[in-house]
Amino acid sequence: MSANIPYDMSITHAPDARGHFGIYGGRFAAETLMGPLKELEEAFAEAWQDPAFQQERMQLLQHYVGRATPLYHADRLSRENGGAQIWLKREDLTHTGAHKINNTIGQGLLARRMGKQRVIAETGAGQHGVATATVAAKFGMQCDVYMGREDVERQMPNVLRMRLLGANVIAVDSGTATLKDALNDALRDWVASCEDTFYIIGTVAGPHPYPLMVRQFHAVIGQEARAQMLEQAGRLPDVAVACVGGGSNAMGLLHPLRDDAVRLVAVEAAGHGLDGHAHAASLARGKAGILHGNLTYLLEDQDGQIQGTHSISAGLDYPGVGPELAAMLDAGELELEAATDDEALEAFRRLTACEGIIPALESSHALAAGMRIAAGMDSSQHVLINLSGRGDKDMNTVFKALGWLEQAS
Ligand SMILES: *Cc1c(COP(=O)(O)O)cnc(C)c1O
C-alpha cells in the first residue's frame, strides 16, 4: 500500500437501510433483481471492510491507474483570472484519461470476488464503456456494453476502442436510441443474467447500493485532494467545485470535504441556456421522479416522459442525477451553478492557452463556474476544481464549435 494514497475504510453519511438519502434514492427495480441487489449490498459491505480487498484496490489504483493524481496550483490561470488561487485535481492524468476508472476498478474487483464471469455496462458517450472494457480485459472477463444506436454512430472511436479491448458493443434501437435506452436494456439483461453477470453502473445512480458504492470508490479523489491541499497550500480550500452529469466525480471530490468548512459547488450543463429545453440541468430544472431504479431529480416533459437533453459535452448529457446530490441540494449542503456550452468552450480555451492543459469538455463546465467564483474572491483564498478528464476525446467537437472544421460537419 502506498503512503500517498489515503486508506480510509470508514463510511460516513450512509443512506438508510433501504438506500434513501433524505427522500431520494431507494431501490425501484424488478422483483427478480431484489435478491441480486441485496446480495450485492452484502458483498460490497463485506469487501469494503476487508483489508485484503482494500489493499488490492489500492495497489491497482497506484500502479495501474496512476494514483495519487497531482494537485496542481494553476498559478498563471489564477493571476489572469484574478481573485482566488485556483487548484486543479488532475483526474485527467489517470489511465484512460478520466475519473471513471476509479469506479470500474472497484466494481471489477467486486465482480471477481463474487465469482461473476461476465460484466455488463451502459454507456452514452462511451467513456464508461471504455473504462469497463479496460478492467474486463485486465481481469479476463466477458464484457457486453449497451449503447444507443445514435451514440454508436456519434462516438465511433470509443466503440472501436471497446472492441479492441475485447468488449462486445450492443447497439440499442428502442426509444430515442441514447443513454437512457441503453440503461433500460442493460437492466433488462441483468434481470435475465444476474446469476453469472455483474452490472457495472457508471455513476452514482441506479438502485441501492450503487449510489453509495460508486461514491465510496471515487472518494479517493477528495481524500487525496484534502491531504494535498493541507500539504501544498497549508490549508483546506474555501470552495470545491465539480461538474455533474450523474454526479460521480462530484461526489468523489465533495464527499470527503463535506464535514469541513468548505463550500461545495456542483456545476450542471446549461447547454444553450436554462430557459429553454436544450440543457441537462436536472438539479436546477428537474422534478422528483423515478429513473434507473432510484428516486431523484429528473428532466421530464408535461406528459411525464423523460425529456431530451443537450450539452456540448456528451458526458453531462444525462436526464437524471445521483440521488445523494438531490438530497444534499435540498438540505442546503450544496451550491448549484451552471455553465453553458459557450462558457465551457471559453474555459476550455483559457486553460489550454494559459496552462498547457487540455481539459475534457465536462470538466470545462466546472472550470467555467470555478473561475467565475474565484474572480469574486480574494487572492488569499483558494478554489479547488476537479479536472475530471482530459480533452483529447473532444477535439472534433471543439474544432467544429470553433468553426475550424466547417467542411467536415
Ligand atoms: C462521464 C464524465 C463526467 C460526468 O459523469 P459524473 O458521473 O457526473 O462524474 C464528467 N467528466 C468526465 C471527464 C467524464 O468522462
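Read the numbers this way: they start at 1 and go in the same order the structure lists the ligands and their atoms.
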Heavy-atom donor-acceptor pair, [X] side chain to [Y] backbone, under 3.5 Å:
X    : Y    : result
E355 : R76  : yes
N294 : L291 : yes
T309 : P319 : no

Are any of the N or O atoms of [X] closer than 3.5 Å to those of ligand 1?
X    : result
G202 : no
H99  : yes
A250 : no
N249 : yes
S248 : yes

(message) In terms of relative ring orientation, are F198 and Y210 parallel, tilted or perpendicular, with 30° and 60° separating the classes?
(response) perpendicular
(request) State if R390 counts as touching ligand 1 under the rule of any non-hydrogen atom under 4.0 Å. (result) no
Consider only side-chain N and O atoms of [X] and [Y], and report whether a donor and an acceptor are under 3.5 Å apart.
X    : Y    : value
D259 : H13  : yes
T132 : T104 : no
Q155 : K393 : no

(message) If we check side-chain hydrogen bond (donor to acceptor under 3.5 Å, both in side chains) with E91, which of these qualifies: R67, H99, K100, H218?
(response) R67
Can you list the ligand 1 atoms lying under 4.0 Å from a non-hydrogen atom of [X]?
X    : result
G246 : 6 (P), 7 (O), 8 (O)
G247 : 6 (P), 7 (O), 8 (O)
G315 : 4 (C)
G245 : 8 (O)
C243 : 10 (C)
G389 : 13 (C)

(request) For ligand 1, indicate whether the residue K100 contacts it via side chain, backbone, both or neither (heavy-atom separation under 4.0 Å). (result) side chain
(request) Quick one: look up the protein heavy atom nearest atom 11 (N) of ligand 1 and list residue, atom name and how far away it is. (result) S388 OG, 2.7 Å
(request) Using a strict 4.0 Å threshold on nitrogen-to-oxygen distance, state whether R118 and D189 make a salt bridge. (result) yes
